[in-house]
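Structure, as structure tokens:
Keep in mind it's a predicted model, so treat the numbers as computed, not measured. Naming: A, B, ... by sequence-line order, numbering from 1 per chain.
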Amino acid sequence: MRVLCVAEKPSIAKAISQILSGGQFAATNTRNKYIKNYEFDYPQTQSFFTVTAVSGHLTAHDFYETHRKWHACDAFDLFDAPVETKVPPDNKDIENNLMTQARRAQVLMIWTDCDREGEHIGMEIAKVCRKANATIRIKRARFSAIIAQQIHNAAQHPVELDKRQADAVEARIMLDLKVGAAFTRLQTLILQGKIPQIADEKNVVSYGPCQFPTLGFVVQRYSLVKNFVPESFWYIYLSLTRPSPSQGTAEETKFNWKRNHLFDEVVVANLYDRMGNSLAVVTKVTNKTTKKWKPLPLTTVELQKAGSRLLKLAPKKVLDVAEKLYQQGFVSYPRTETDEFDKDFDHMGLIAKQTVDPSWGAFATSLQQGGYNSPRKGKNNDKAHPPIHPTAHAGNLAGDEKRVYEYITRRYLACCSKDAEGWQTTVDVVCGGEEFSATGVCLVVKERNYLNVYIYDKWTGHTVPDFQEGEEFQPTLCEIRQGETSRPNYLTEADLVTLMDKNGIGTDATIAQHIQTIIDRDYVIERMEGATKYLVPSTLGIGLIEGYNQIGLVKNVSKPQMRRETERKMVQVCEGTVSKNDMLIEGLNQYKEMFVIVRREFQRVTSVCDFFC
DNA sequence: GCAAGGTC
């Protein structure tokens, strides 16, 4: 029996071939320079296997000629316009390879990633193969990691493709295309010539169900900063300065007021007066060990946040660099939501590969000699890819590649280490009826553990001198002090990634692209302040969001709710409680309703843009 | 000239 296996990407085709054939396969090139066909015997099922791949989605979607030109129809008509699904020219070689191979095979086994998009890509592959071979039997291999035992199991016990998941994706594709195109044409055609920024025909004022909520977050923070009014507060400052027993130098211990601070000066003054000239009494001294937790296994979103915050690289850039490292075989697949390792994961094998490194090799060795501790388990598992980790030692990297590889490796070794341990002392005192406390973390951390390799975390603290319970002292300072609430900062890229992730805007693989899009469209400008990059909306970006806000729809195009509903609907289609068609019609109706109102009230957007631009 | 989602 001949079995044709098709993976979502070339790297997976290669990996499963290696496992299933035990390394004994013949590889032939295809007309696509990235894709190879691997052939070998698989005696376990008395089959001859051909393993190949696609490169993500096979088909593209667009309107037919009648609706493709911007002036060919009214923008509203796009909601009900038919959509053409076809294999674009770039993918023709891939399609031809699939068809040639399908003609020779009796069984097609789909090996795409086990997520919604993978199921849809599987359907695309199945359609192409059935076109070439109407009687081919279609099966689906289920696996959650590239581990030998799992891959063999998937090959020997295939299941069926899940049509529901593919349907959910199909509905999302249609919805996004229609909504995006309709609103983009509406915005662009009205604003063109009205405001100077988009006088040029090339300047599209794009709308997308992900890019607009993303812009919304940036503008929301901007408004918060702009409208900020500092507020005064008052608090009681209490401290004791006395020689430290060890060094003999004077040392000030600050005690924090339990009430923190109050916004009413009179109330603070009254409390202060009541204290009079009282002595402070130590009511309690607590000494306990405390831990600083090692980091969680690394996901794409976390890598992007760390890249932006620690390495000063844009989220898109970090992902591009990680992708390159992946292609060179230095790190695992960099697009993953998973922050827990499989229980059978071979950590010792990976740690051994890092022992030769001049910077962290000694640390890796220490893990082999008893320092190893199982990584923490996070709450996310996409059942397709493990957390990002180094797969080989890379000694000859330079520049950003070196820095990203170093981060991934140090993070991984930190995950396999132990939490850092230290001492924490808390001293509670009462003075004239008011409570205060001082907390200190021992500067000499008991066990640094993971901190030795994860140089991005610092654990510094101040010590608290010895105090005895019941001890009384005259405070050196006891006075009312005034402070002010401080202005919030503009959003950083890391903040924005967090917000998008929390609100379900985009996926691990696309979040960085959406941020790039709103920068490319001139909705948002990057502004450096010191070493930190902030995202500030442009006048156009502010105008668009403020304009839509003035139209006053509850479910605004700039808010995350609409996208969240699309996500929820997709889950329902996957569960079988809603059909693909119902999801699409319901979604289209919602956006159509909004479109009518937005078009009627669009002069509000125009005038706000005018005002700002 | 439009989207978001895969991937190279």
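Centroid-to-centroid, the aromatic rings of A:Phe330 and A:His393 stay 6.0 Å apart or farther. Checked against a 6.0 Å centroid threshold, the rings of A:Phe595 and A:Phe79 count as neighbours.
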Both distances under 3.5 Å, Watson-Crick or G-U wobble: on that basis, could you give the dot-bracket string for DNA chain B, with [ ] for crossing pairs and | for other-strand partners? ........

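Residues that satisfy the side-chain hydrogen bond (donor to acceptor under 3.5 Å, both in side chains) test with A:Arg568, not counting sequence neighbours, are absent from this structure.
Using a 4.0 Å cut-off between charged nitrogen and carboxylate oxygen, A:Arg164 and A:Glu170 do not count as a salt-bridge pair. A:Asp582 has no carboxylate O lying under 4.0 Å from a charged side-chain N of A:Lys569, or vice versa, which leaves the two without a salt bridge.
Of the residues listed (A:Tyr326, A:Tyr407, A:Tyr333, A:Phe345), the one engaging A:His389 in a ring-ring contact (aromatic ring centres under 6.0 Å, His included) is A:Phe345, and it is the only one.
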If a protein heavy atom is under 4.0 Å from the base, mark B; if only from the sugar-phosphate, S; if neither, -; do that for nucleotides 2-8 of chain B going 5' to 3'. BBBBBBB

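Distance CZ/A:Phe212 to CD1/A:Ile505: 13.0 Å, rounded to 0.5 Å.
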